[in-house]
Amino acid sequence: MYMDNRPVAALRMEARDHGIILRYGEGPGQCDRNGMREAILFEENGVYHLFYDGCGPDGWLACLATSTDLNHWERLGPVLDFGGPGDLDEGTATSPWFYRDGDMWHMYYVGSREATPLPDRIPMMPYFTMKAIAPALSGPWRKQPEIIPFRTVPGTYYSDTASPGHIIDHGGEYVQFFSAAKSEDGLVTRTIGIARTQNLNGSWTVDPDPTVPLTEQIENSSVYYEKENDTWFLFTNHIGIDEAGGEYTDAIWVYWSHDPNRWNPENKAVVLDGRNCSWSKACIGLPTVVPVGDRLAMVYDAPGGDSKSHMRRDIGLAWLDLPLTPPK
């Protein structure tokens with residue numbers, strides 16, 4: 001139980017932890033000298049592209065590392081730069097999600113105007129969804145500031161955060177599972193919303209209600225479809241709270257549904273937390289899942305030990321066997 005009685009996941013769908021695959025501080029140009037987080041994994045032509053937020057000398061930027069086996073990595077450094085004065089991504093350009101359409105890759109990334117002081121430079125709300133485009137996952141990426149996918153809207157469940165997430169093609173439209181947050185009377189509540197479009201270079205329409213209630217306290221999700229049982233699995237980061245009232249990412253949860261447009265908050269389980277993570281016992285960050293043969297690879301970030309810090313995090317890897325089956 002949590003001190004504020006936020007919902008818990010009673011079931012478990014245990015991942016097998018492999019451990020750390022990338023350590024902070026080894027990227028080119030000191031791009032991740034203060035930490036790495038938000039591990040987002042995509043595959044192109046047999047090469048795994050791991051995009052992560054790296055904290056360098058001037059703050060957090062989206063960086064890239066590539067691999068053919070998920071164990072040996074080549075670090076390529078930042079793929080985006082900070083925006084200019086007054087731009088929506090002046091404070092950060094991070095956490096990119098992707099969709100390939102024909103011969104072009106579309107990127108949706110997080111921008112913020114402000115960040116905390118150096119050296120941490122943690123991006124501050126509100127978070128915005130920004131757009132870029134490239135012929136290959138490795139880039140070069142060209143920002144498209146003229147395109148406004150969606151924005152925060154006062155009085156809604158996404159009044160303080162509307163940041164990008166996993167995109168699928170379903171029912172003749174693109175469906176994006178974005179991170180939403182609302183701040184009221186000093187309390188931040190978080191959930192996953194759905195945005196829809198038929199034009200990746202156009203605007204998106206946000207559903208009036210989120211996938212699950214704001215009280216679920218989740219953010220940053222990756223979606224996997226299991227053909228064997230016609231089930232969608234939404235892997236997401238859960239936000240916990242400690243005895244002092246401090247919030248932190250304490251676990252990876254999974255929700256499941258036969259319809260990606262409708263999710264029951266009761267259908268959820270813990271996938272990875274301090275109980276089955278081999279190296280980080282208090283704090284587990286954003287998950288991304290990608291099928292690899294007869295297993296599902298899940299990458300995530302964590303600070304290790306009993307730390308709950310945003311800084312000095314590494315990237316880990318865990319595995320789930322396929323086909324996925326909801327726990328009972």
Side-chain angles (χ1 to χ4, degrees), residues 1-21 39 41 70 165-166 177 179 190-192 211-243 247-260 262-308 313 315-328:
M1 296 294 294
Y2 294 98
M3 62 171 290
D4 61 352
N5 293 318
R6 64 186 60 189
V8 299
L11 300 175
R12 295 187 69 89
M13 191 167 80
E14 300 265 354
R16 297 186 308 278
D17 191 37
H18 173 85
I20 298 172
I21 56 172
L41 185 66
L70 296 179
H166 198 125
F177 297 86
S179 292
R190 309 164 183 86
T191 187
I192 303 300
T211 57
V212 293
L214 281 159
T215 51
E216 291 291 294
Q217 292 287 19
I218 57 172
E219 63 183 10
N220 301 326
S221 298
S222 179
V223 178
Y224 171 74
Y225 175 65
E226 181 54 72
K227 293 185 293 184
E228 292 289 329
N229 49 35
D230 187 30
T231 304
W232 294 85
F233 293 86
L234 186 146
F235 292 83
T236 188
N237 215 178
H238 180 258
I239 308 299
I241 188 169
D242 59 25
E243 295 80 2
E247 292 187 307
Y248 62 100
T249 55
D250 69 344
I252 293 170
W253 287 7
V254 65
Y255 295 75
W256 55 89
S257 174
H258 291 297
D259 182 354
R262 291 179 172 82
W263 300 83
N264 183 346
E266 298 302 315
N267 294 339
K268 62 178 177 245
V270 177
V271 180
L272 188 71
D273 61 5
R275 191 162 114 183
N276 58 331
C277 182
S278 62
W279 58 285
S280 194
K281 297 304 179 181
C283 185
I284 309 287
L286 175 154
T288 308
V289 294
V290 171
V292 180
D294 59 357
R295 296 188 295 174
L296 191 68
M298 182 176 72
V299 293
Y300 62 95
D301 66 81
D306 294 324
S307 174
K308 301 172 185 175
R313 294 190 181 192
I315 304 298
L317 170 67
W319 295 97
L320 291 147
D321 291 330
L322 295 176
L324 285 187
T325 303
K328 297 180 181 178

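Reckoned from all heavy atoms, side chains included, excluding hydrogens, waters and symmetry mates. None of these values were measured; they are calculated from a predicted model.
Scanning for side-chain hydrogen bond (donor to acceptor under 3.5 Å, both in side chains) contacts around Tyr248 gives an empty result, with sequence neighbours left out. In this structure Val290 satisfies the side chain to side chain contact (heavy atoms under 4.5 Å, CB included) test together with Leu41, Tyr48, sequence neighbours excluded. With sequence neighbours excluded, the residues that form a side chain to side chain contact (heavy atoms under 4.5 Å, CB included) with Arg275 are Arg12, Glu14, Asp273. Judged as a side-chain hydrogen bond (donor to acceptor under 3.5 Å, both in side chains), and not counting sequence neighbours, Glu266 has no contacts. Here Ala9 pairs with Trp253, Lys268, Val270 under the side chain to side chain contact (heavy atoms under 4.5 Å, CB included) rule; sequence neighbours left out.
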For Leu317 and Met298, what are the C-alpha separation, side-chain angles and deciding distance, and is it a side chain to side chain contact (heavy atoms under 4.5 Å, CB included)?
-> CA-CA 6 Å; Leu317 170 67; Met298 182 176 72; 5.8 Å; no

ring-ring contact (aromatic ring centres under 6.0 Å, His included) between Trp232 and Tyr225: does it pass, once the steps are laid out?
-> CA-CA 5 Å; Trp232 294 85; Tyr225 175 65; 4.7 Å; yes

Yes or no on salt bridge (Lys or Arg N to Asp or Glu O under 4.0 Å) for Arg190 and Glu247, after CA distance, side-chain angles and deciding distance?
-> CA-CA 12 Å; Arg190 309 164 183 86; Glu247 292 187 307; 2.8 Å; yes

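Listed for the His238 side chain is no donor-acceptor partner under 3.5 Å among the backbone atoms of Ala251. Judged purely by atom type and a 3.5 angstrom limit, His18 has no side-chain atom pairing as donor or acceptor with the backbone of Gly316. Under a 3.5 Å cut-off, the side chain of Glu219 and the backbone N or O of Ser179 do not form any donor-acceptor pair. Between the side chain of Asn220 and the backbone N or O of Gly165 there is no donor-acceptor pair closer than 3.5 Å.
For the pair Thr231 and Pro326, the tightest heavy-atom approach, listed with the atom from each and the gap, is CG2-CG, 4.3 Å. Listed here is the closest heavy atom pair of Ala297 and Trp319: CB-CZ3, 3.6 Å. Of all heavy-atom pairs spanning Ala15 and Ala318, the tightest one is CB-CB, 4.0 Å. Smallest separation of non-hydrogen atoms from Asp242 and Met3: O-SD, 2.9 Å.
At a cut-off of 3.5 Å, with distance as the only test, a side-chain donor of Asp250 or Tyr2 sits close to an acceptor on the other residue. Counting only N and O atoms by type, the side chains of Asp259 and Ser257 include no donor and acceptor under 3.5 Å apart.
Residues Leu324 and Leu296 are in side-chain contact: their nearest non-hydrogen atoms beyond the backbone lie under 4.5 Å apart. A heavy-atom distance below 4.5 Å is not found between the side chains of Leu70 and Ile21. Using a 4.5 Å heavy-atom cutoff, the side chains of Thr211 and Thr191 are in contact.
Under the side chain to side chain contact (heavy atoms under 4.5 Å, CB included) test applied with Ile252, the options Ile284, Thr236, Leu286, Val289 reduce to a single match, Ile284.
For residues 290-302, every residue pair satisfying the side chain to side chain donor-acceptor pair (under 3.5 Å) rule, not counting sequence neighbours, is listed here: Asp17-Tyr300, Trp279-Tyr300, Asp301-Arg313.
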